2 protein chains.
Amino acid sequence: MITLALVDDHTMLRKSMAALLRLMGGFEVIFQASNGKELIEYLEDQTWPDLVLMDVSMPVMSGPETTRWLREHYPELKVVALSMVRSENTIIRMMSSGARAYLLKDAEPEELVRMLEEVHQHGFAHNEMVPSLPGRTVSSQPIQLSDQEKVYMQWVCSEKSHKEIAELMQLSPRTIDGYRDSLLKKLGVGSRVGIVMYALQHGIVAL
Amino acid sequence: MITLALVDDHTMLRKSMAALLRLMGGFEVIFQASNGKELIEYLEDQTWPDLVLMDVSMPVMSGPETTRWLREHYPELKVVALSMVRSENTIIRMMSSGARAYLLKDAEPEELVRMLEEVHQHGFAHNEMVPSLPGRTVSSQPIQLSDQEKVYMQWVCSEKSHKEIAELMQLSPRTIDGYRDSLLKKLGVGSRVGIVMYALQHGIVAL
DNA sequence: AATAGATTAGGTATAAATACCTGATTTTGT
DNA sequence: ACAAAATCAGGTATTTATACCTAATCTATT
């Protein structure tokens, strides 16, 4: 019997998958969390699961963020990424953060079971998504965003102009410009739309 | 025993919810589809389910689109919307397309069961999401987008400028400006970011 | 053949976003 | 207490985006 923790912000998916894994047999979901922070708090004084099935985009603490934290503090704990998107960027981010495998929410339950068993036995799993990333050197250090930059990202996904954002954040429009300049550089994108897409794809801002 | 059809593009969620509903008892999932078109094709020569649990954003044929088609052709068939987003716009679009209830993927399984039973019995269900829409007259006719506008929407979610988009679409930059102007008006948004958010929230462009 | 509607595209003016500077103040680590 | 780093904000120039015109061309319908 393999024990699992499920981490995903959609209650319905989480509880459903727990039901599915129960029916398929061989797995026991011993904990569910709706974001990374809840998982970390749980791990402090409870028995660990064999595997963590982790969503990518979640509020409060995202998948990559949480996976990196786990690699730092509990390196033996095995994380399997569960994601909606095929985006190469997302795959790289999860895998370079320490995930052992990357599974799509599009996948069949049989694929899920196969992958969980494989990771449990060997510590990693072969799958089609991951090796499609060639020699590209992965920028393994995560992008660090300041609190203000995160607040700005929330507004940048709205129709508000920088002047309006400045009023809302009680700062000079120039400062807001500065946040944009800094994010364009940090995220490696070329326009406000690029920031918006980054924020959404990485779960920093909810759709 | 209430029979159900599940329509959602994420296999994992679909099959998991089928497992969940089986465990909770009282429901039988007799058909699953990954988009509206599959459901419609199925209905042509099969027995109907009591209820359809329908995702909003799906490829090929979306939730609102499918729900409208069902209201036209099989008005007795009851649709319950299942969505990731709280966006007022999305709620309005599903409900005015003929959905009997609107449920979040964040909800608890108990809430799901309650709502399914209620819709099955009374044809509608009370929930907190929907009545939060006051007197606002709902523009019940869906927003019609031309093919070119849809192509443009794909590019507008990238970092490309209108000059670049014009080259890609083999048209004058002025024409691209025209698409933007038209979409800003049609969608009722005020900037390019507004168009991006609309496209993503409505599944016109994939994240 | 005439009308309506959609598509494409030009003109012009203003507002917003981007790029790359600079420096003052505040926080943080040691 | 000191140095390093982050935060906030001003200057300036260029590029994009937005708003609101007009009009030629094509298509479908009556």
Side-chain angles (χ1 to χ4, degrees), chain A residues 61 65 68-69 72-73 139-202 204-205, chain B residues 65 89 139-202 204-205:
Chain A
M61 191 168 182
E65 219 178 324
R68 275 193 300 274
W69 191 94
E72 277 287 313
H73 297 80
S139 69
S140 49
Q141 71 262 52
I143 293 169
Q144 283 291 89
L145 302 179
S146 74
D147 289 346
Q148 287 294 74
E149 283 168 346
K150 285 180 192 162
V151 175
Y152 165 72
M153 278 186 121
Q154 207 67 40
W155 291 114
V156 95
C157 294
S158 76
E159 297 171 24
K160 306 218 179 305
S161 72
H162 275 192
K163 209 190 294 178
E164 293 172 304
I165 298 174
E167 278 172 27
L168 287 158
M169 291 179 69
Q170 307 259 52
L171 289 167
S172 155
R174 292 315 180 78
T175 306
I176 309 298
D177 283 345
Y179 294 160
R180 179 203 50 221
D181 291 353
S182 148
L183 283 176
L184 290 179
K185 196 168 289 179
K186 279 189 188 179
L187 310 182
V189 296
S191 73
R192 175 161 172 174
V193 174
I195 300 178
V196 169
M197 293 304 286
Y198 185 98
L200 296 172
Q201 282 167 350
H202 294 74
I204 297 165
V205 176
Chain B
E65 219 177 324
N89 209 306
S139 69
S140 51
Q141 71 262 56
I143 294 169
Q144 282 292 87
L145 302 179
S146 74
D147 289 345
Q148 287 295 72
E149 284 167 346
K150 284 179 192 163
V151 175
Y152 165 73
M153 278 186 120
Q154 208 67 38
W155 292 114
V156 93
C157 295
S158 74
E159 297 170 22
K160 306 221 178 305
S161 72
H162 274 192
K163 208 190 296 178
E164 294 173 304
I165 297 175
E167 280 171 27
L168 286 158
M169 290 179 71
Q170 309 258 51
L171 289 167
S172 153
R174 292 317 182 77
T175 306
I176 309 300
D177 282 345
Y179 294 159
R180 180 204 48 223
D181 290 352
S182 149
L183 284 176
L184 290 179
K185 195 168 290 180
K186 279 190 187 177
L187 310 182
V189 297
S191 74
R192 175 161 171 175
V193 173
I195 300 178
V196 169
M197 294 304 286
Y198 184 98
L200 295 172
Q201 282 167 351
H202 294 75
I204 297 165
V205 176

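In what follows, every chain begins at residue 1, and chains take the letters A, B, ... in the order their sequences are listed. Just so you know, these numbers come straight off a predicted model, no measurement behind them.
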Is it the case that the ring center of A/Tyr152 lies less than 6.0 angstrom away from the ring center of A/His162?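 Yes, they do, as the ring centres are separated by less than 6.0 Å.
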Atom pair distance, as rounded to whole Å: [atom1] in [X] and [atom2] in [N]:
{"X": "B/Leu187", "N": "D/dT18", "atom1": "CG", "atom2": "P", "answer": "12 Å"}
{"X": "B/Asp177", "N": "C/dT7", "atom1": "CG", "atom2": "P", "answer": "17 Å"}
{"X": "A/Lys163", "N": "C/dA16", "atom1": "NZ", "atom2": "P", "answer": "5 Å"}
{"X": "B/Glu164", "N": "D/dT15", "atom1": "CD", "atom2": "P", "answer": "14 Å"}
{"X": "B/Arg180", "N": "C/dA9", "atom1": "CZ", "atom2": "P", "answer": "15 Å"}
{"X": "B/Asp147", "N": "C/dT7", "atom1": "CG", "atom2": "C1'", "answer": "12 Å"}
{"X": "A/Ile176", "N": "D/dA9", "atom1": "CD1", "atom2": "P", "answer": "8 Å"}
{"X": "B/Leu183", "N": "C/dT8", "atom1": "CG", "atom2": "P", "answer": "13 Å"}

Which residues pass the side chain to side chain contact (heavy atoms under 4.5 Å, CB included) test with A/Leu184, not counting sequence neighbours?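 Counting only residues at least two positions away or on another chain, A/Leu184 forms a side chain to side chain contact (heavy atoms under 4.5 Å, CB included) with A/Arg180, A/Val189, A/Ile195.
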Nearest-0.5 Å distance that lies between atom CG in A/Asp181 and atom CZ in A/Arg174: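 Separation between the atoms: 10.5 Å.
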The side chain of [X] lies closest to which of these nucleotides: [options]?
{"X": "B/Ser172", "options": "C/dT18, D/dG11, C/dA9", "value": "C/dA9"}
{"X": "B/Ser146", "options": "D/dA19, D/dA9, C/dT7", "value": "C/dT7"}
{"X": "A/His162", "options": "C/dT7, C/dA17, D/dT18", "value": "C/dA17"}
{"X": "A/Arg192", "options": "D/dA19, C/dA17, D/dA17", "value": "C/dA17"}
{"X": "A/Arg174", "options": "C/dA19, C/dT8, D/dG11", "value": "D/dG11"}

Pair A/Glu159 + B/Arg192, salt bridge at N-O below 4.0 Å: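 Answer for the salt bridge query: no.
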It should be established whether B/Gln148 places a side-chain nitrogen or oxygen under 4.0 Å from OP1 or OP2 of nucleotide C/dT7.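 No, outside the criterion.
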For C/dT8, does either OP1 or OP2 sit under 4.0 Å from a side-chain N or O belonging to B/Thr175?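 No, outside the criterion.
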What's the shortest heavy-atom distance between B/Glu149 and B/Lys186, and which atoms?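 Minimum heavy-atom separation between B/Glu149 and B/Lys186: OE1-NZ, 2.8 Å.
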Find which nucleotide of DNA chain D each of B/Lys160 and A/Lys186 is nearest to by heavy atoms, and output the residue with the more 5' nucleotide.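 Per heavy-atom nearest nucleotide, the more 5' residue is A/Lys186.
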Residue mapping more 5' on DNA chain C - nearest nucleotide basis, B/Leu171 or A/Leu184: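 By nearest-heavy-atom nucleotide position, the 5'-most residue is B/Leu171.
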